[in-house]
Amino acid sequence: MSADKGEGRREDALVKQRLQNREEYERQRLKLISETEKSRPSADKFVGQNDSMEDTLKNSTVGLVRLEDFQQRRKEIEEAKAREAARTSELKEETKKVKKRKKAKSTLSFVVDDEEGDGETSSRQTPDTENGESAPKRAKFRKNPDVDTSFLPDREREEAERKEREQLRQEWLRKQEELKMEDIEITYSYWDGSGHRKSVVCKKGDAIANFLEKCRQQFPELRGVSVDNLMYVKEDLIVPHHYTFYDLSSTKPGDESHAGKVVERGWYQRNKHIFPASRWEVYDPQKDYGKYTIH
């Protein structure tokens with residue numbers, strides 16, 4: 001009998017403890033809800049009034065017993081509300097920017113012209129009011145000639161500018177072709193250890209290979225040598241065969257103050273370690289040779 005009484009007291013104690021735990025949980029839950037509402041960021045003003053943080057939290061925590069579950073659910077709801085508020089704010093800001101750009105594009109400068117021209121009074125008179133007074137004239141708007149509108153799109157102006165640019169380009173190309181057809185006398189020295197000076201007449205548009213072919217015809221000892229086995233050295237720079245005198249006209253190898261050298265490639269290979277061949281290098285148009293000493 002005493003055992004049944006002891007068991008009954010333990011059950012009463014457990015029931016009492018559960019009630020206390022539930023009351024403590026409810027108190028903590030209401031406290032957290034209150035703190036959350038107080039600390040809500042100002043961005044929450046974009047969230048609907050009927051979907052407050054408290055209502056959402058209450059609806060989503062039905063059936064939760066543990067305090068940890070309640071806190072986790074509250075954190076998730078806060079983050080979701082914050083993201084929603086941020087997206088709403090960004091959308092409104094972007095909408096304002098778009099409207100501002102459209103307004104800037106569509107805005108033109110106008111002046112008000114309230115003067116009527118001669119001969120127009122009869123056809124543009126405003127009707128009289130009931131008191132016999134004439135109604136105020138409606139102001140006319142026209143484009144302000146003092147405002148610079150060159151930045152605005154103008155198809156006719158753009159087409160005229162394009163044609164002018166194309167005309168200038170064609171004129172420049174025509175002049176360059178005329179320059180390439182001009183005759184130029186090239187003084188050179190066939191170099192085999194000592195110099196043998198001669199000159200040939202070429203076009204400015206002739207390539208170095210064409211020039212070397214003419215040089216080859218002027219020396220009997222070179223007539224059995226192909227152009228590929230000849231080199232043109234100007235100002236200590238070996239000029240590749242594909243360059244023209246027009247290409248070199250404004251560069252170091254185009255300097256006419258010193259005669260260039262025509263050299264057999266075989267001679268260069270045998271003597272490139274000896275002065276002056278030891279100074280020679282292949283011409284690079286991208287390189288700045290500065291105050292390179294001439295020999």
Side-chain angles (χ1 to χ4, degrees), residues 101 104-105 108-109 143-191 195 197-219 222 225-265 268 276-277 279-295:
R101 287 197 296 267
K105 288 182 178 179
L108 289 175
S109 298
K143 188 176 179 182
N144 189 347
D146 298 328
V147 175
D148 180 18
T149 59
S150 60
F151 63 92
L152 296 175
D154 188 331
R155 290 186 178 181
E156 293 183 359
R157 184 179 69 241
E158 292 175 355
E159 180 64 18
E161 291 175 353
R162 186 193 66 78
K163 289 182 178 179
E164 183 179 1
R165 287 195 300 269
E166 179 62 20
Q167 183 178 357
L168 292 174
R169 188 182 74 86
Q170 293 295 337
E171 180 66 17
W172 184 85
L173 291 175
R174 185 184 62 79
K175 289 183 178 180
Q176 301 313 304
E177 291 300 320
E178 291 177 354
L179 287 174
K180 291 178 183 179
M181 295 305 296
E182 292 180 358
D183 289 336
I184 179 173
E185 184 177 7
I186 307 297
T187 301
Y188 71 96
S189 176
Y190 167 52
W191 188 265
R197 181 166 294 199
K198 285 186 178 293
S199 66
V200 296
V201 176
C202 298
K203 302 288 185 184
K204 285 186 177 180
D206 286 348
I208 299 300
N210 301 115
F211 160 72
L212 291 174
E213 176 61 31
K214 293 183 177 182
C215 296
R216 192 175 69 87
Q217 299 298 327
Q218 291 186 331
F219 289 91
L222 292 180
V225 181
S226 67
V227 171
D228 291 338
N229 289 322
L230 292 177
M231 297 167 49
Y232 180 54
V233 183
K234 189 69 164 62
E235 314 296 350
D236 290 341
L237 298 174
I238 303 170
V239 184
H241 289 187
H242 66 275
Y243 282 102
T244 67
F245 291 102
Y246 170 82
D247 297 331
L248 305 176
S249 59
S250 61
T251 62
K252 191 178 187 66
D255 186 0
E256 292 299 325
S257 59
H258 298 82
K261 297 179 177 66
V262 175
V263 184
E264 291 187 55
R265 195 175 298 275
Y268 170 71
R279 291 177 54 88
W280 299 347
E281 59 178 290
V282 177
Y283 168 64
D284 181 1
Q286 303 300 324
K287 183 176 180 180
D288 181 10
Y289 293 96
K291 297 180 180 179
Y292 196 65
T293 305
I294 305 299
H295 289 277

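Computed from a predicted structure; not experimentally measured. Positions are given from 1, in the same order as the sequence printed here.
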Any side-chain heavy atom of [X] within less than 4.5 Å of one from [Y]?
X: D206; Y: K214; value: yes
X: Y283; Y: L248; value: yes
X: D183; Y: K203; value: yes
X: P240; Y: I208; value: no
X: P285; Y: Y243; value: yes
X: E264; Y: L230; value: yes
X: V263; Y: Y232; value: no
X: R162; Y: E159; value: yes

Nearest-0.5 Å distance that lies between atom [atom1] in [X] and atom [atom2] in [Y]:
X: L212; Y: Q217; atom1: CG; atom2: CD; result: 12.0 Å
X: L222; Y: C215; atom1: CG; atom2: SG; result: 8.5 Å
X: F245; Y: K234; atom1: CZ; atom2: NZ; result: 9.5 Å

Exercise for review: Verify the distance criterion only: is there a donor paired with an acceptor across the side chains of Q176 and Y246 at less than 3.5 Å?
Suggested key: yes
Check your understanding: Quick check: does any side chain N or O of N229 sit under 3.5 Å from a backbone N or O of S226, one acting as donor and the other as acceptor?
Key ->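 Not at all, since once roles are kept as given, no pair shorter than 3.5 Å links the two residues.
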Determine, for [X] against [Y], whether the closest basic-nitrogen to carboxylate-oxygen distance falls under 4.0 angstrom.
X: E213; Y: R216; result: yes
X: R174; Y: E171; result: yes
X: E177; Y: K180; result: yes

**Study point:** Candidates D247, I184, T244 - the one meeting side-chain contact (heavy atoms from CB on, under 4.5 Å) with K204
**Key:** I184
Exercise for review: Step by step, work out the side chain to side chain contact (heavy atoms under 4.5 Å, CB included) result for E185 and V200.
Suggested key: CA-CA 6 Å; E185 184 177 7; V200 296; over 6 Å; no
**Study point:** Residue pairs fulfilling ring pair (Phe, Tyr, Trp, His ring centres under 6.0 Å) with at least one residue in residues 156-175, sequence neighbours excluded
**Key:**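 Residue pairs passing ring pair (Phe, Tyr, Trp, His ring centres under 6.0 Å), neighbours aside: none found.
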**Study point:** Parallel, tilted or perpendicular: ring planes of Y268 versus W280, cut at 30 and 60 degrees
**Key:** parallel
Answer yes or no: are there more than 12 heavy-atom neighbours, outside [X] itself, under 6.0 Å from its atom [atom1]?
X: Q170; atom1: CD; answer: yes
X: E178; atom1: CD; answer: yes
X: R197; atom1: CZ; answer: no

Check your understanding: R169 and E166: salt bridge (Lys or Arg N to Asp or Glu O under 4.0 Å), yes or no, with the steps?
Key -> CA-CA 5 Å; R169 188 182 74 86; E166 179 62 20; 2.9 Å; yes
What is the minimum heavy-atom distance between [X] and [Y], and which atoms define it?
X: S189; Y: G195; value: OG-CA, 3.2 Å
X: A207; Y: H242; value: CB-O, 4.3 Å
X: V227; Y: H241; value: O-CE1, 3.1 Å

Exercise for review: Could you point out which residue of K261, K198, Q218 forms a side-chain hydrogen bond (donor to acceptor under 3.5 Å, both in side chains) with Y188?
Suggested key: Q218
